[in-house]
Structures are given as structure tokens and as C-alpha cells.
Amino acid sequence: MRFLSTRRRHPLAGLVVVLLGLTVLGGLYSLFAPRAADARSAEDDLVEQGRQLFLVGCATCHGLNGEGLLTERGTNYGPSLIGVGAAAVDFQVGTGRMPLAQNSVQAPKKPVVYNDAEIEAMAAFVASLGPGPSIPDEEYTTASTDPELVSLGGEFFRTNCTACHNSVGAGGALPSGRYAPAIDDAEGVYVYEAMLTGPQQMPVFSDDVITPEDKQAIISYIAALRDEPEYGGHPLGGLGPVSEGAAAWIIGMGSLVIATVWIGTQGVRTRK
Ligand code: HEC
Ligand code: HEC
């Protein structure tokens, strides 16, 4: 202390104090200031990673920024993905529909090309283009075996889905060569996302129209269909009167004809 107090009138003392003050202030600032350089969050990294994957696998049809590309004839190579949301990507890529291999009337289900992490990244990228439905909460995409929920789901399914997907989810044909696929083995999360995003001819059933709870009921109903024992005998694909009529005609009429012929050959007169 003596050392300092004897030199406090030294001509450089003021300078030393100012420098000391600045150093302390600078140190404190760097301790408490927001880290600008690290502000890129994990979310941004995911989006960037997704953008890179998108540029390689999807941009040829959907455009560099997902804005969609038109052919010379004005039809789509790929539609705009702005606002379709993470749910659409998770559905389309998760069921193997995207990347589309070739333009056809309908994108068919194929073996999945990307792994879960890659799909998540691309979904984050597309979600960053514009607000859209996000990937649904697992709470509502897992099937329940609660009989009340299953029967409620059955009601929703019969009113909203059977017109295209058939009463047991076996699928069916639609006009112009399109079809509603069989959905009896569809995973809960894809059932939810299909309703949320309405792929192709399928209408959108937003969460305002069918609430997440009711969507879970539908998922539970579809799962129950899969596990249901076939009380009425073989369901013949669940296609209804056509396959049942054909079976009745071929087996029923067939055995009648065989029986008639047999009786004819065994009759008393034929033995004479
Ligand atoms: C060969 C062209 C092509 C490629 C490659 C392609 N798509 Fe598509 N995509 C299409 C077409 C055409 C449609 C519209 C028809 C349909 O929905 O089946 C579509 C539809 C979509 C949709 C649904 C949009 C909506 O309105 O719900 C999403 C999401 C999508 N693509 C994501 C992707 C992603 C992600 C990739 C890359 C992994 C990709 N696509 C690669 C052509 C392509
Ligand atoms: C107007 C006809 C129509 C109605 C109504 C409809 N869908 Fe669909 N659905 C389709 C078509 C068409 C596709 C195939 C889309 C594609 O291939 O891109 C589809 C696809 C699906 C898929 C995807 C299956 C897979 O292979 O991955 C599920 C799950 C599904 N629908 C569930 C439902 C549910 C649940 C309802 C009722 C709430 C419903 N759909 C109502 C036409 C319909």
C-alpha cells in the first residue's frame, strides 16, 4: 500500500487507473455479454443440414428454396413446399413417397430412402420456409385399446374415411387411375399426418375439424381393425359384395354344377 500511496501523484498514475478500469470493465463485459458468435442455435444447424440434403435430393423438382418448379407446359415438376410444414415432409419422405422417382399419376409408397435424422432435418428446413403443420405429438399418435375410444374412432372413420379407404381400410380405386391406398397397416403417426396434410386427392382434416383426441380415436380404430379376429370367416380382402359375390358364384354355382353333372352320370337311366 505504501508503494501505491507514495506514487499516487506520479504523472502516469491517472493513466494506470484508467487502464485498470478499462481492463476490469472489458473483462466483466465479456463475461456477461450475450455470445453473438454462438447465437446459432441447434435449430439453425438442423435447418442448414436439412437445406443441404434438400439441395441434393429434392431441389431438382421443388426448386432451390422449395418454391416449386414448373415445366414448359406449365405443369409441376414439384409443387411449392412453402407452408406445407414439417408434417408433410415427415409423411411424404417417411412413407417413401418422396423423393419421387418418376412423374406418374400418384406418388406410390416405396422403401424409405432417408434415415430418421435426415428426415427430421429436411422437415425443419421446409418448416423454416413458411408456417405449416408440425409433426404431431406422440401422445396422440399412439393407438389405444380403450374400447370407448375405438368405437368413437369407428364412428369418425365411417363418416370421413370409408368413402375412399373402404370400411376396413382396404383401400379403393379413385377416378383417373388414382387410388386410395390400403391403410390397415399404416403407422399411427402417418395416419395423423395424412389427415393433417391431405396428400393428393385426400382432403385435409385439420385439428379444428377433427381434434387431436379424435384423431387418436381413429388411429386406435385402425389398429383395432388390424388385430380383430375374423368372426365371419375369411374376409376376402374386405372388399364387400364384389368379392363375396364372386366367391358365392364360383364356389356356390360351381359345386351345384358339379353335383348336377355327378347326379346325371349316376342316375338309373344312365346305367342302362
Ligand atoms: C422427381 C421430382 C421430385 C423429387 C425428386 C421430389 N419430389 Fe416432392 N413432390 C413431387 C411432386 C410431383 C409432388 C406432388 C405430387 C404428390 O403429392 O404426390 C411432390 C409432393 C411433395 C410434398 C407434398 C406437398 C404437399 O402439398 O403436401 C412434399 C412434402 C415433398 N414433395 C417433399 C419432397 C422432399 C423432402 C424431397 C426430397 C427428399 C422431394 N419431395 C423430392 C416431385 C418430386
Ligand atoms: C377423397 C378420398 C379420401 C378420403 C375421404 C380420405 N382419404 Fe386417406 N388417402 C386418399 C388418397 C388418394 C391417399 C394417397 C395419397 C398419396 O398416395 O399421395 C390417401 C392416403 C392416406 C394414408 C396414407 C397411407 C399410406 O400408404 O401411407 C392414410 C393413413 C390415410 N389416407 C388415412 C385417412 C383417414 C384416417 C381418413 C379419414 C379421416 C382418410 N384417409 C380420408 C384418399 C382419401
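Since the structure is predicted, the reported quantities are computational estimates derived from the model, not experimental observations.
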Participant: Looking only at heavy atoms, which two atoms of Ser80 and Val84 are closest? And how far apart?
Facilitator: O-CG1, 4.0 Å

Participant: Any sub-3.5 Å donor-acceptor pair from Lys110's side-chain atoms to Pro99's backbone N or O?
Facilitator: yes

Participant: Give me the atom names and distance for the closest heavy-atom approach of Ala224 to Val150.
Facilitator: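 That closest heavy-atom pairing would be CB-CG1, 3.7 Å.
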
Participant: Report yes if some heavy atom in the side chain of Glu48 is under 4.5 Å from a heavy atom in the side chain of Arg51; otherwise report no.
Facilitator: yes

Participant: Just how far is it from atom CG of Leu20 to atom CG of Leu15, taken to the nearest 0.5 Å?
Facilitator: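 Taking CG in Leu20 and CG in Leu15, the distance rounds to 11.0 Å.
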
Participant: Measure across Ala180 and Cys164 and return the closest heavy-atom pair with its distance rounded to 0.1 Å.
Facilitator: CB-O, 3.3 Å

Participant: On a heavy-atom basis, which atom in Ala217 and which in Leu149 lie closest, and how many Å separate them?
Facilitator: CB-O, 3.5 Å

Participant: If we ignore hydrogens and angles and just use 3.5 Å, is the side chain of Asn65 paired with the main-chain N or O of Glu67 as donor and acceptor?
Facilitator: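 No, the answer is negative, given that no donor and acceptor are paired below the 3.5 Å cut-off.
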
Participant: Is the number of heavy atoms from other residues, nucleotides or ligands within 6.0 Å of CG (Asp116) greater than 12?
Facilitator: no

Participant: Return the OH to SG distance between Tyr114 and Cys58, rounded to the nearest 0.5 Å.
Facilitator: 5.0 Å

Participant: Rounded to the nearest 0.5 Å, how far does CZ of Arg158 lie from CD1 of Ile218?
Facilitator: 11.0 Å

Participant: Do you know the tightest heavy-atom contact between Leu53 and Ala121?
Facilitator: CD1-CB, 4.3 Å

Participant: Evaluate whether atom CD of Glu187 has more than 12 neighbouring non-hydrogen atoms of other residues, nucleotides or ligands under 6.0 angstrom away.
Facilitator: no

Participant: Given side chains that start at C-beta, do those of Gln106 and Leu174 come closer than 4.5 Å, heavy atoms only?
Facilitator: no

Participant: Measuring only between side-chain heavy atoms, which start at C-beta, is Asn160 closer than 4.5 Å to Met195?
Facilitator: no

Participant: So which heavy atom on Ala86 is nearest to which on Ser134, and how close?
Facilitator: CB-CA, 4.3 Å

Participant: Just verifying a value: how many Å separate Lys215 NZ and Phe205 CZ, rounded to the nearest 0.5 Å?
Facilitator: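 With rounding to 0.5 Å, NZ (Lys215) is 9.0 Å from CZ (Phe205).
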
Participant: Indicate if Ile219 and Tyr140 have the same hydrophobic cluster label, given that clusters are the connected sets of ILVMFWY residues with side-chain heavy-atom separations under 4.5 angstrom.
Facilitator: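 Same cluster: Ile219 reaches Tyr140 through Ile, Leu, Val, Met, Phe, Trp or Tyr contacts under 4.5 Å.
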
Participant: Distance-only criterion, 3.5 Å: show the donor-acceptor pairs between side-chain atoms of residues 89-96 and protein atoms not counting sequence neighbours.
Facilitator:
| unit_1 | atom_1 | unit_2 | atom_2 | d |
| --- | --- | --- | --- | --- |
| Thr95 | OG1 | Phe91 | O | 2.8 |
| Thr95 | OG1 | Arg97 | NH1 | 3.0 |

Participant: Under 4.5 Å between side-chain heavy atoms, hopping through other hydrophobics if needed: is there a path connecting Met98 to Met202?
Facilitator: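 In one cluster with Met98: Met202, no.
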
Participant: For His165 and Pro181, indicate whether the former's side chain and the latter's backbone hold a donor-acceptor pair under 3.5 Å.
Facilitator: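 Answer holds: yes.
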
Participant: Side-chain heavy atoms under 4.5 angstrom apart, residues restricted to Ile, Leu, Val, Met, Phe, Trp, Tyr: same cluster for Val204 and Tyr190?
Facilitator: no

Participant: Is the shortest side-chain heavy-atom distance between Leu64 and Leu55 below 4.5 Å?
Facilitator: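 They are in side-chain contact.
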
Participant: Got Pro133 and Thr197 here, is their nearest side-chain heavy-atom distance under 4.5 Å?
Facilitator: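 Sidechains of Thr197 and Pro133: in contact.
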
Participant: Do Leu152 and Asp214 come within less than 4.5 Å of each other through their side chains, counting heavy atoms only?
Facilitator: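 When only atoms from C-beta onward are counted, Asp214 and Leu152 do touch, with a gap below 4.5 Å.
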
Participant: Quick check against the 3.5 Å criterion: does His62 have a side-chain atom that pairs as donor or acceptor with the backbone of Pro79?
Facilitator: yes

Participant: Strictly distance-based, threshold 3.5 Å: is any side-chain N or O of Gln216 a donor or acceptor partner for the main-chain N or O of Ser144?
Facilitator: no

Participant: Does a side-chain heavy-atom distance below 4.5 Å link Val191 with Ile183?
Facilitator: no

Participant: What distance do Leu225 atom CG and Ser167 atom OG have between them, rounded to the nearest 0.5 Å?
Facilitator: 8.0 Å

Participant: Rounded to the nearest 0.5 Å, what separates atom CD in Gln49 from atom CD in Glu120?
Facilitator: 8.5 Å

Participant: Taking side chain as C-beta onward, heavy atoms only, is Phe125 less than 4.5 Å from Val47?
Facilitator: yes

Participant: Verify the distance criterion only: is there a donor paired with an acceptor across the side chains of Tyr192 and Asp137 at less than 3.5 Å?
Facilitator: no

Participant: Linking I/L/V/M/F/W/Y whenever any side-chain heavy atoms sit under 4.5 Å apart, do Leu81 and Ile119 land together?
Facilitator: yes

Participant: Would a single hydrophobic cluster contain both Leu100 and Met122, if residues Ile, Leu, Val, Met, Phe, Trp and Tyr are joined by side-chain heavy-atom contacts under 4.5 Å?
Facilitator: yes

